[in-house]
Amino acid sequence: MTTTVDEDRYQLLDGLLADTRLDAAAARRPLRPAPAHLLTVSDQGPVIALPDPAPPRAELDDVLADRVAVRDYAPTPLTTAEVSAICAAADLMDVEAWPREQQAGLGLELYLAAWRVDGVDTGLYRYLPEQRALRRVADLPSGAEAAELVMQEEFAEAAALLLITGNLAGAIDRHGSHGHRLLLTRGGAAGHAAWLAALRLRLVGTVFAGLLPHVLRERAGADGYHRAPLLAFAAGRAAADATA
Ligand SMILES: Cc1cc2nc3c(=O)[nH]c(=O)nc-3n(C[C@H](O)[C@H](O)[C@H](O)COP(=O)(O)O)c2cc1C
């Protein structure tokens, strides 16, 4: 019995030692390329400059009372100026409310799933706040196939989704378990800032859970820890407002 246990231990140690010798390990188990979803997001995609944010068309006081979650959208596209305003509002909320998190390199990352935005091809983009631009990150299906990206298919009919992600690993390292709560608060604040900006443009939408986890994992390296999806905002024009 003792002998068997010792032999098992030696085999285990032998295996561990062999794993430290790269050539030997490769000979036993050929090295494979890392799967795409574990790589960092491509920063090679083309960049689309956004115009200045569209100025508000209504006072917050005049639209806030009618704020309601809307999940039914007109086919009319958004303009890039409207998208610019929505992204900037979410970004500014985090930058202004949590400047020390930005200084620590832990700013939120914002992505845009664009289906109907004038002058922007359907796809997944990362918002680049310093450049006021979108960097293309990945393709996205459109039409009926887009419904496979979300739990509730009505959200695949929005003109665009703002997807808010944060660095959970970094937040926990910095703040302990409070980092998780803080990150959720920041995601909520950014999502609602985007919503209020949309309302003031007389657009509609709602915050919601976002794309299915595998979608951002495969396309944007969102492993749920170093880049964790936090919240999303679905934006569009009201279905009864198709001529806007
Ligand atoms: C953190 C969070 C996650 C949400 N996720 C979803 C969701 O996945 N699907 C959805 O239809 N609504 C979602 N909602 C939106 C709420 O359902 C919505 O705010 C609620 O229906 C209340 O509607 P009202 O804001 O118009 O009163 C979410 C809201 C929050 C705050």
Side-chain angles (χ1 to χ4, degrees), residues 56-75 78 85-87 89-94 97-98 101 106-116 124 127 140-141 144-168 171-172 175 177-220 222-225 227-241 244:
R57 297 170 189 138
E59 291 300 323
L60 187 56
D61 279 354
D62 294 332
V63 290
L64 193 56
D66 294 328
R67 185 210 63 82
V68 66
V70 173
R71 301 176 180 82
D72 192 12
Y73 311 96
L78 298 180
I86 290 169
C87 293
D91 178 64
L92 260 187
M93 167 56 76
D94 197 57
W98 287 280
E101 300 309 296
L106 295 176
L108 298 180
E109 284 185 4
L110 305 178
Y111 291 82
L112 189 81
W115 283 296
R116 293 187 309 286
L124 182 68
Y127 176 60
L140 284 182
E145 282 177 39
E148 291 168 18
L149 306 177
V150 282
M151 182 88 78
Q152 292 163 259
E153 59 188 43
E154 58 268 35
F155 291 128
E157 288 172 15
L161 307 179
L162 177 72
L163 307 155
I164 301 162
T165 73
N167 186 339
L168 178 58
I172 288 174
H175 301 284
S177 59
H178 170 63
H180 188 199
R181 190 174 52 178
L182 179 66
L183 207 52
L184 293 175
T185 304
R186 291 170 60 197
H192 282 85
W195 194 349
L196 296 183
L199 281 182
R200 293 193 64 189
L201 291 169
R202 301 213 179 272
L203 302 174
V204 298
T206 184
V207 291
F208 77 111
L211 297 171
L212 290 172
H214 76 89
V215 179
L216 277 191
R217 189 174 66 233
E218 290 159 2
R219 291 169 173 80
D223 61 0
Y225 191 47
R227 180 175 290 116
L230 301 174
L231 190 65
F233 172 65
R237 298 188 194 284
D241 190 21

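Side chains included, hydrogens not; waters and symmetry mates left out as well; all remaining heavy atoms used. When a ligand or atom number is given, it counts from 1 through the structure's own listing order.
Judged as a side chain to side chain contact (heavy atoms under 4.5 Å, CB included), and not counting sequence neighbours, the contacts of Ala235 are Leu78, Ile86, Phe233. Scanning for side chain to side chain contact (heavy atoms under 4.5 Å, CB included) contacts around Leu199 gives Val63, Arg67, Trp195, Leu196, with sequence neighbours left out.
Considering only non-hydrogen protein atoms, atom 28 (C) of ligand 1 sits nearest to Val207 O, 3.6 Å. Atom 22 (C) of ligand 1 has its closest protein heavy atom at Ala69 CB, 4.7 Å. Among protein heavy atoms, atom 8 (O) of ligand 1 sits closest to Ala209 N, 3.2 Å.
Here the CG-CG distance, from Leu162 to Leu231, works out to 9.0 Å after rounding to the nearest 0.5 Å.
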Requested in this report: Test Phe155 against Val150 for side chain to side chain contact (heavy atoms under 4.5 Å, CB included), laying out the working first.
Outcome: CA-CA 7 Å; Phe155 291 128; Val150 282; 4.3 Å; yes
Query raised in the report: What do the steps show when you test Arg217 against His214 for side-chain hydrogen bond (donor to acceptor under 3.5 Å, both in side chains), and what is the final call?
Result: CA-CA 5 Å; Arg217 189 174 66 233; His214 76 89; 5.6 Å; no
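Among Arg71, Arg67, Gln152, the residue whose heavy atom lies closest to atom 16 (C) of ligand 1 is Arg71.
For a threshold of 3.5 Å applied to N or O pairs, the pair formed by Phe155 and ligand 1 contains no separation below that value. The shortest N or O to N or O distance between Leu231 and ligand 1 is not under 3.5 Å. Geometrically, ligand 1 and Phe208 share no nitrogen or oxygen pair separated by less than 3.5 Å.
Considering Leu108, Asn167, Leu106 in turn, Leu108 is the only one that fulfils the side chain to side chain contact (heavy atoms under 4.5 Å, CB included) rule with Leu183.
Numbered from 1 in the order shown, with element, the atoms of ligand 1 that lie under 4.0 Å from a heavy atom of Thr206 read 15 (C).
Considering every non-hydrogen atom in both Pro141 and Trp115, the closest pair reads O-NE1, 2.9 Å.
Under the 4.0 Å distance rule, the nearest protein heavy atom to atom 13 (C) of ligand 1 falls inside the cut-off.
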